[in-house]
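See below for the structure under consideration.
Along the sequence shown, residues are numbered consecutively beginning with 1. Everything quoted here is computed from the prediction, not taken from an experiment. Whatever order the structure lists ligands and atoms in, that order sets their numbers, starting from 1. Computation of the quantities below employed the complete heavy-atom set of this structure, encompassing side-chain atoms and omitting hydrogens, waters and symmetry-equivalent molecules.
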Amino acid sequence: MLALLPAVALVFSCNNPSDTAETTVDSTNVMDPATDAAAVPLVNHAEAVLTGTYADTTVSGTAKFDADDNGKVKMELEITIPAKAGKSVAVHIHEHGDCGDNGNMSHGHWNPTNKQHGKWGSADFHSGDIGNVQLDNQGKGTLTLETDLWTLGGGPEKNILDKALIVHGGTDDYTSQPSGNAGTRIGCGVIK
Ligand SMILES: [Cu+2]
Ligand SMILES: [Zn+2]
């Protein structure tokens, strides 16, 4: 009987941390929607500074976002990727503002309206489906986009602050689910 006691105590003490962990996860789940629902203060300007996620592929650029008086946000994007000169690369807003693990910590496409992945402006597309950017023979490309699907702050269905802007090594086919088969994430910047 005495020999059983330590085993029982061990089981008991093993259970405690997992209980605590579950409690922590539960309270996080409860907190997140509450935090999101409390609308983030609106700002007029935000930027994402793009950097490469792999040491062997230089990616640079910025995306500037400006809110206008009509409830639209205008994005001016410039990227330079010498290794992709003459090619077209996919750019998306991904749901988490974290560029870690070669951009994978940003998780999937930001999709607050629960749509299928697709071409911007088509019947079905994610609010983060910016699309392909053509690069010139020096690897430079620009894209301007104005939309009422985004806000800088505000409610979670439109707020693009603290999301990641991801540049892929390949082209978005605008069809494959869930992300257009656009290849590795070679560039990333958080929208701040
Ligand atoms: Cu992407
Ligand atoms: Zn998408």
Counting only N and O atoms by type, is there a donor-acceptor contact under 3.5 Å from the side chain of [X] to the main-chain atoms of [Y]?
X: N102; Y: T53; result: yes
X: S106; Y: N104; result: no
X: D162; Y: G97; result: no

By atom name, which N, O or S atom belonging to [X] lies closest to the Zn ion (ligand 2)?
X: H126; answer: ND1
X: H117; answer: ND1
X: H109; answer: ND1

Check: Does D129 bring an N, O or S atom to within less than 2.8 Å of the Zn ion (ligand 2)?
Finding: yes
Next item on the list: Report yes or no: does H92 have an N/O/S atom closer than 2.8 Å to the Zn ion (ligand 2)?
Entry: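 So H92 does not count as coordinating the Zn ion (ligand 2).
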Margin query: Do Y174 and N132 pair up side chain to side chain, a donor and an acceptor below 3.5 Å, judged on atom types alone?
Written below: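 The criterion, which ignores hydrogens and geometry beyond distance, is satisfied for N132 and Y174.
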Checklist line | Between H94 and H107, a side-chain donor and acceptor under 3.5 Å | finding: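 Note: H94 and H107 side chains miss the donor-acceptor criterion.
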Notebook entry, point to check: Looking from the Cu ion (ligand 1), what is the angle between ND1 on H92 and NE2 on H168, to the nearest 10°?
Noted result: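 ND1 of H92 and NE2 of H168 make an angle of 100° at the Cu ion (ligand 1), to the nearest 10°.
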